[in-house]
Number of protein chains: 2
Amino acid sequence: MSDVAARAGVSAITVSRALRTPEKVTPELRAEIARAVDYLGYVPHAAARALASKRTDVIGVIIPSITNSVFADVMRGIYAEVDSTPFKIQLANTRYSPRMEENLLRVFLGQNPAGLVVTGIDQSETARALLEAAPCPVVQIMEIGDDPVDLMVGFSHHEAARATAEHLLKRGYRKLAFLGARMDPRSQRRFNGFREAASAAGAFSESRVVTSTSPSSVTLGAQLFAELIDRAPDVDAIFCNNDDVALGAMFEARRHNVSIPDQMGLCGFNDLEMMAVAEPPITSVRTFRYEMGRRAINMLVGALDEKADRTNAVVDLGFEIRARQSTNRSTIERHSLHP
Amino acid sequence: MSDVAARAGVSAITVSRALRTPEKVTPELRAEIARAVDYLGYVPHAAARALASKRTDVIGVIIPSITNSVFADVMRGIYAEVDSTPFKIQLANTRYSPRMEENLLRVFLGQNPAGLVVTGIDQSETARALLEAAPCPVVQIMEIGDDPVDLMVGFSHHEAARATAEHLLKRGYRKLAFLGARMDPRSQRRFNGFREAASAAGAFSESRVVTSTSPSSVTLGAQLFAELIDRAPDVDAIFCNNDDVALGAMFEARRHNVSIPDQMGLCGFNDLEMMAVAEPPITSVRTFRYEMGRRAINMLVGALDEKADRTNAVVDLGFEIRARQSTNRSTIERHSLHP
DNA sequence: CCCAGCTAAGATAGCGCTAACAATGCAGGA
DNA sequence: TCCTGCATTGTTAGCGCTATCTTAGCTGGG
């Protein structure tokens, strides 16, 4: 930096200011400094800045699993949004362990992050305390709840699943099943919403619930489907915890010569791009994962601004049921079954 | 740190040593210091360390696109392997722009990274020069070539595609087509390998090549398939640039009542988990993306060790053709076509 | 018994930057 | 004219750690 300062004929601090707070330097000097920076290929030293200013340009992101494809879209959104800011992302995963989450928080907080992004609302008491005491904005993503630590962006998994069950009921299905991989807290809340709506219509049965602790996959979806129709052959519609499972169920249904949607309704969750182009196209619940990542960063960067108003601290991105052929029982069939 | 030192009754530098180079501190003091660290919840300040030691624990990873799902698996492997090391990952994407890659390299190099991971072998001249002058290990991933900057882990896309075309030929297909999304340099090399093998057998025709600059997706696969059979109805087997495209082609084939594998062979690339469980199961080329991420970090960390031998600087992870039903033309059909 | 040759711990300085305060220059009012 | 007040630039010190040099203590060969 002193080389740049020498070349521009100013002191080091002026270069620092020209870079950090350009409005405090006259335009002429600013231009001169910019020229020197360019000429020398000067790149500021992040560590030195962090040490001197007790501030870093790192946003810590804590997710439970990198494997889980749901987070891939969120991360895409995060990286996309962060690209237009001076911030950097530091990603860590807890492998669904609360202990791990606490440790990671401690490590991140030790580095004075510019902000933190954490997943969900089920932090341990210790983690929660750490977050509330954090000297930086915190965004909870993936779902919304009544008691945000600070900022929050997501949607109600309970509501989304309830609405989906109601969609199946409206389409005339009466023996609803639930296929679930890796029942994390959000999956659990989806299940609760599903059960609530199905039970209210007398369409729920514990025997039509098949779950697994394994991570979600298309293969697992096929297995769960096979297990389901073996155990409960009377099922007439399936709500899958997510789209991988739904796709696997669809393939397995074909192998079992079960026709979708007439013999069996099928519905996924997340609305991956492929659901619309599958044959038949599969009904799914669109969630705004990419948007969620972008908003998380956007809100965080906004909160870093002194003059930001803290209204809209909780953003509900909602969901959309994309009704497709896989839950579109033909009229004749519907009538014959439910006259 | 001085608090820890005071509590353990030693000087700050001894704490530093106990943490960085424990073998230089007697076991008793080490234990005492560990106790103090634990008691005080001390977390070392990364920025201060970086500034003082001119070394960071950051490994820079540069990939062309976060959207591209191929890199998701690589990143999983990278994060998995880095978890057992003190290093952190800093991810950046070039959006397939060489200019961007140069800038990112300059930024990373300005921070004294512990290592760099870059994608492919098509760096610009400037980028190449920066990498060769880098004061840290560099790993090129995704493919292998004759002229590594330093370390390299990947496989030959040309060979993989050639072998796939030969697989199709062996199965009796004679009018091979190529569907390609986003033709980046590696896709291009795959295409070249495919053309080489197909041409040698007289099974290649430019009219059966349909590509797009759009990013890969299942939807795009369906579109490319539709375009292909419209343009070249005589096609009897398709090599898809990747599995998304293959899956889309499969769905679209069903809509066109084209039966796979008898009327049309279908083959993907990457062997995503779902290919084996699709109906029919789809032949694909297994590539070791997760392993590639792990090895990249593993090699990099190994190279950081003084005493490491630099044999095995280039690792070819190879590929495997997973022959499945989608290229398994029935015997009768094969004989009637090629008696 | 002495001292070279080692190991373990400490003292000092400085990494590259910015916070905080200081100094300078200049406009405009008394 | 002087002084106040603001805008702009400079000076100084220190962020938390580690490289480097130094010192202390200890071993063992001649």
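Labels below follow one simple rule: chain letters A, B, ... track the order of the sequence lines, proteins then strands, and each chain is numbered from 1.
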What I want to find out is whether B/Arg35 reaches B/Glu32 closely enough, with some N-O distance under 4.0 Å, to be called a salt bridge. yes
A/Asp38/A/Arg7 ion pair, N-O < 4.0 Å: no
Indicate yes or no: at least one non-hydrogen side-chain atom of A/Leu91 is less than 4.5 angstrom from one of A/Met75. yes
Calculate the interatomic distance between B/Ile13 atom CD1 and D/dT20 atom P; express it in whole Å. 11 Å
Among residues 105-115 of chain A, which ones have heavy-atom contacts with DNA chain C below 4.0 Å? none
Can a side chain N or O of B/Ser53 be found less than 4.0 Å away from OP1 or OP2 on D/dT18? no
Given side chains that start at C-beta, do those of A/Arg182 and A/Ser65 come closer than 4.5 Å, heavy atoms only? yes
B/Arg76 and B/Asp73, any side-chain heavy atoms less than 4.5 Å apart: yes
For residues A/Ile141 and A/Arg295, determine if any side-chain heavy atom of one lies less than 4.5 Å from a side-chain heavy atom of the other. no
By the definition side-chain contact (heavy atoms from CB on, under 4.5 Å), identify the one residue from B/Asp122, B/Asp316, B/Thr119 that meets it with B/Glu143. B/Asp122
Do side-chain atoms of B/Thr287 reach the backbone of B/Arg289 as a donor and acceptor pair under 3.5 angstrom? no
A/Arg17 side chain vs A/Lys24 backbone, donor-acceptor pair below 3.5 Å: no
Is there a donor-acceptor pair closer than 3.5 Å between any side-chain N or O of A/Glu81 and the backbone N or O of A/Ala296? no
Using whole Å, report how far CD of A/Glu32 lies from P of D/dT8. 18 Å
Starting at atom CG of A/Leu29, determine the distance to atom C1' of D/dT9, rounded to an integer number of angstrom. 8 Å
Salt bridge (Lys or Arg N to Asp or Glu O under 4.0 Å) between A/Asp184 and A/Arg189: does it pass, once the steps are laid out? CA-CA 9 Å; A/Asp184 66 17; A/Arg189 283 190 265 280; over 6 Å; no
First encountered from the 5' end of DNA chain C, between B/Val25 and A/Arg20: B/Val25
Round to a whole Å and report the spacing from CD of A/Glu28 to P of D/dA7. 16 Å
Would you list the protein and nucleotides 21-23 of chain D atom pairs, both N or O, that sit under 3.5 Å from each other?
none

Any idea which of D/dG10, D/dG14, D/dA19 is nearest the A/Ala52 side chain? D/dG14
Pick base, sugar-phosphate or nothing for B/Arg30, based on heavy-atom distances below 4.0 Å to the nucleic acid. nothing
Outermost DNA chain C nucleotides near chain A [under 4.0 Å, heavy atoms]: C/dG16 to C/dA19
